[in-house]
There are 2 protein chains.
Amino acid sequence: MPEFMHDGQLFQSPVELALHLIGGKWKMPVLWRLNQRTWRYNELHRDLKRVSHKMLTQQLRELEHAGLLTRTVHPVVPPHVDYTITELGRTALPAIEALRSWGSAYRSAVSRFEPRNTD
Amino acid sequence: MPEFMHDGQLFQSPVELALHLIGGKWKMPVLWRLNQRTWRYNELHRDLKRVSHKMLTQQLRELEHAGLLTRTVHPVVPPHVDYTITELGRTALPAIEALRSWGSAYRSAVSRFEPRNTD
DNA sequence: CAGGATCCTAGGCGATACTG
DNA sequence: CAGTATCGCCTAGGATCCTG
């Protein structure tokens with residue numbers, strides 16, 4: 001398993017690359033939403049409740065840079081920008097789904113031992 | 001998609017939980033290795049080249065806390081500690097494999113546009 | 001050999017204010 | 001509405017030293 005460079009950074013494995021590309025806290029949730037339809041900036045901002053303006057913008061930029069989504073600016077006033085997933089971005093969905101599904105299964109597996117909150 | 005608590009923290013989705021559990025920089029690489037056999041601490045430390053002592057220890061503790069691996073201390077001198085994946089830990093492997101496979105596919109998809117280093 | 005404890009710094013990230 | 005810029009906190013995490 002040889003090391004390799006991508007975008008000026010050194011990686012030891014494809015997993016490490018994948019986490020770099022979509023492992024950020026908000027990237028999978030964003031791609032997941034974009035799978036259904038095109039979203040506007042503020043829609044995402046509202047729906048991902050605890051994300052800060054700065055973080056969301058930054059992660060959207062990184063996803064765009066990675067070619068996983070497309071940013072479209074409509075030249076109207078007030079500004080209107082929306083984000084669409086690319087074909088390349090769609091290829092990440094099975095992996096995201098696998099994580100989502102595992103997280104869900106883990107939760108029910110563990111809840112059998114940790115009693116649920118009843119108060 | 002309701003929010004839920006796990007281990008004292010608030011999560012918005014199963015994906016977020018999954019990233020919390022195994023999204024750390026070294027966790028998937030560790031689990032991936034443990035799938036093949038039991039490893040000793042120093043073996044992991046050597047094999048994950050750029051991990052620091054502190055980080056590796058911390059992430060192993062978190063994986064243990066999450067029930068994904070087992071830490072076994074052999075009472076000999078010098079100390080001998082090894083790490084084994086649990087059944088619960090094995091359930092994460094398909095998700096890790098999905099990410100690994102996507103990272104690999106992404107890399108070859110992108111390399112068609114970005115010329116490889118020839119110098 | 002495994003890992004705890006301590007110190008210390010870079011930079012991740014939130015809050016805020018400003019632009020087109 | 002969407003995005004940039006700036007400031008400053010605070011903590012993630014590396015380096016180092018010490019134990020059984």
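A, B, ... follow the sequence lines: proteins, then strands. Residue 1 opens every chain.
Lys25(B) contributes atom NZ, which lies 11.0 Å from atom CG of Leu48(B) (distance to the nearest 0.5 angstrom). Atoms CZ and CZ, from Phe4(A) and Phe11(A) in turn, are 6.5 Å apart once rounded to the nearest 0.5 Å.
The hydrophobic cluster containing Val81(B) does not contain Val77(B), counting ILVMFWY residues as joined when their side-chain heavy atoms lie under 4.5 angstrom apart, directly or transitively.
Atom-to-atom, NE2 of His45(B) to P of dA2(C) comes out at 10 Å; the value is rounded to the nearest Å. Going from atom CD of Gln59(B) over to atom P of dA2(C) covers 18 Å, rounded to whole Å. Following rounding to the nearest Å, Leu44(B) (CG) and dG3(C) (C1') show an atom-to-atom distance of 14 Å. In this entry the distance linking NE2 of His74(B) with P of dA2(C) reads 10 Å, nearest Å. Distance Met55(A) CE to dC13(C) P: 5 Å, rounded to the nearest Å. The NZ atom of Lys25(A) sits 9 Å away from the P atom of dC13(C) (whole-angstrom rounding). Across the protein-nucleic acid pair, Leu56(A) atom CG and dG12(C) atom C1' stand 16 Å apart, rounded to whole Å.
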Under 3.5 Å, sequence neighbours excluded: what are the donor-acceptor pairs made by side chains of residues 96-104 of chain B?
| unit_1 | atom_1 | unit_2 | atom_2 | d |
| --- | --- | --- | --- | --- |
| Glu97(B) | OE1 | Arg100(B) | NE | 3.0 |
| Glu97(B) | OE2 | Arg100(B) | NH2 | 3.2 |
| Trp102(B) | NE1 | Thr91(A) | OG1 | 2.9 |

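Under 4.0 angstrom from either OP1 or OP2 of dG3(C) there lies at least one side-chain N or O belonging to Arg61(B).
Tyr41(B) is linked by a ring pair (Phe, Tyr, Trp, His ring centres under 6.0 Å) to His45(B), His53(B), counting only residues two or more places apart in sequence or in another chain. Under the ring pair (Phe, Tyr, Trp, His ring centres under 6.0 Å) criterion, His65(A) pairs with no residue, sequence neighbours left out.
Evaluation of the salt bridge (Lys or Arg N to Asp or Glu O under 4.0 Å) test over residues 13-24 of chain A, restricted to residues two or more places apart or in two chains, returns Glu16(A)-Arg50(B).
Mapping Ser52(A) and Arg40(B) onto DNA chain C via the closest heavy atom, the residue that lands nearer the 5' end is Arg40(B). Between Lys54(A) and Leu60(A), the residue anchored closer to the 5' end of DNA chain D is Leu60(A), taking for each the nucleotide with the nearest heavy atom.
When heavy atoms are screened at a 4.0 angstrom cut-off, Arg50(B) is found touching no nucleic acid atom at all.
When atom types are taken as modelled, the side chain of Tyr106(A) and the backbone of Ala66(B) share a donor-acceptor pair closer than 3.5 angstrom.
Counting heavy atoms from C-beta outward, Val51(A) and Leu44(A) have side chains that stay 4.5 Å or more apart.
For DNA chain D, the outermost nucleotides in 5' to 3' order that have an atom under 4.0 Å from a heavy atom of chain B are dG13(D) to dG20(D).
Relative to the axis of its first five pairs, the axis of the last five pairs of the helix from dC1(C)-dG20(D) to dG20(C)-dC1(D) sits at 40°, rounded to 10 degrees.
Residue His53(A) places no side-chain atom within donor-acceptor reach of the base of dG14(C), judged by atom type and a 3.5 Å distance cut-off alone.
Of the candidates dC1(C), dA2(C), dG4(C), the closest approach to any side-chain atom of Thr57(B) belongs to dG4(C).
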